[in-house]
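Throughout, protein chains are lettered first and strands after them, A, B, ... in sequence-line order, and every chain is numbered starting at 1.
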There are 2 protein chains.
Amino acid sequence: MMRKSIKGRAAPEDLPAALHRLETLCRERGQRLTRQRRAVVRQLLAADRALSAYELLERLRPEDGRATAASIYRTLDFLMELGVVHRLESKRSFILCRHPQAPHRVQFLICRSCGEVIEAEDARLAAATERLGDRLGFALDQRIVELTGLCGRCRTREAGPS
Amino acid sequence: MMRKSIKGRAAPEDLPAALHRLETLCRERGQRLTRQRRAVVRQLLAADRALSAYELLERLRPEDGRATAASIYRTLDFLMELGVVHRLESKRSFILCRHPQAPHRVQFLICRSCGEVIEAEDARLAAATERLGDRLGFALDQRIVELTGLCGRCRTREAGPS
DNA sequence: GGCGGAATTGATACAAAGTATCATCAGGTG
DNA sequence: CACCTGATGATACTTTGTATCAATTCCGCC
């Protein structure tokens, strides 16, 4: 039992769960659930890493030879609006949200060696960003926190060669 | 006396100070101080806002008709390495560093209405990012914090029209 | 002040990322 | 199952960023 999630952090949703969430959100907001929206979620889940819009496009080609960059970007915009997809600004790429449950203030940790992306939800860090916004009189509507470095595994691997 | 810096936040350096800093840093590191490097610093200071690489290129044209995108990007990379220029990932643009004194963990607040960019240096927020990195086993080498919203002035302006 | 040579820039071409426009198609309501 | 609005397709284009190699320039040294 429980073969996934070896890593100790949030287990990825499986495909039915992800699609069901998408469907629910679309209904709630009276938005259409289209073939392409489902396909993008499916591919991002299958990739299990951040993909650029054009990488995503390539992966959609086998099942939908007529997809174009323009529509991929529209679909990604839509999914980001729903909160189902996040954009990694520093990598110009997109990743499936790992905290499906609620609205959230997330932070990303990105390993520059293996490319792993961890989506964190650190309350203290989130609170600190809000305070800073307040202090400087800003009404924030977007908080980008992307921390890049070496993940634990890559760190030991890079240190370790004899 | 003291006519600049009406805004109550860090006064921008003047041009001689900025160029002098650039010169010092180049000497210290045995790097060349070139015409283009000076010109980029001068234009970013004059703009007093974030510029895209191509905006910068246009502004360099009058004084250097042969500058190209490639060399602008190389120069910007160099200046970022020195810590003299920062890149705003979420705006794909570049801005002069406002905290010349030392190595730093900065955060940006960006007004989506007027485009103003404030470079903050909030110790608590910085500490929270470090803790998060530690907690997840990351050796961080880059911290991107970009908070977007409405600045105080734009907020009152947008609220206020009769 | 001029020389030498590595570092920087110039020129060119190209790749990658993202957007605008308008015609066509399809999701979901009745 | 027809309708019609919102989504996608097709196409062309803009913006952003990089690779390569030749020409130039900075700067330590004499």
### Task
Assess whether one donor atom and one acceptor atom, taken from the side chain of A/R32 and the base of D/dG6, lie less than 3.5 Å apart.
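Indeed, a donor on one side and an acceptor on the other fall under 3.5 Å apart.
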
### Task
Quickly, which of B/R49, B/R153, B/K91 forms a salt bridge (charged side-chain N to carboxylate O under 4.0 Å, His left out) with B/E116? Name it, please.
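Result for salt bridge (charged side-chain N to carboxylate O under 4.0 Å, His left out) with B/E116: B/R153.
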
### Message
What I want to check is whether the side chains of B/Q31 and B/E81 have a donor and an acceptor closer together than 3.5 Å.
### Response
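No, no side-chain donor-acceptor contact under 3.5 Å.
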
Once you apply a heavy-atom cut-off of 4.0 Å, does [X] come out as touching a base, just sugar-phosphate, or nothing?
| X | result |
| --- | --- |
| B/A70 | base |
| B/R74 | base |
| A/D77 | nothing |

### Length of the OH-C1' vector between B/Y54 and C/dA16, whole Å
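Distance, rounded to whole Å: 11 Å.
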
### Query
Below 4.0 angstrom from OP1 or OP2 of C/dT9, is there any side-chain N or O of B/T34?
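True: B/T34 side-chain N/O within range (under 4.0 Å) of C/dT9 OP1/OP2.
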
### Query
Does B/R92 put a side-chain nitrogen or oxygen below 4.0 Å from OP1 or OP2 of C/dA17?
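So the side chain of B/R92 is outside the cut-off, no N or O lying under 4.0 Å from OP1 or OP2 of C/dA17.
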
Among the nucleotides [options], which one has an atom lying closest to any side-chain atom of [X]?
| X | options | value |
| --- | --- | --- |
| B/R35 | C/dG10, C/dG18, D/dA10 | C/dG10 |
| B/A69 | C/dG10, D/dT18, D/dT8 | D/dT18 |
| A/F94 | D/dT8, C/dG18, D/dT16 | C/dG18 |

### Message
Is there a side-chain contact between B/E146 and A/E89 in this structure, where contact means two heavy atoms from C-beta onward sitting under 4.5 Å apart?
### Response
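No, every pair of side-chain atoms sits at 4.5 Å or beyond.
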
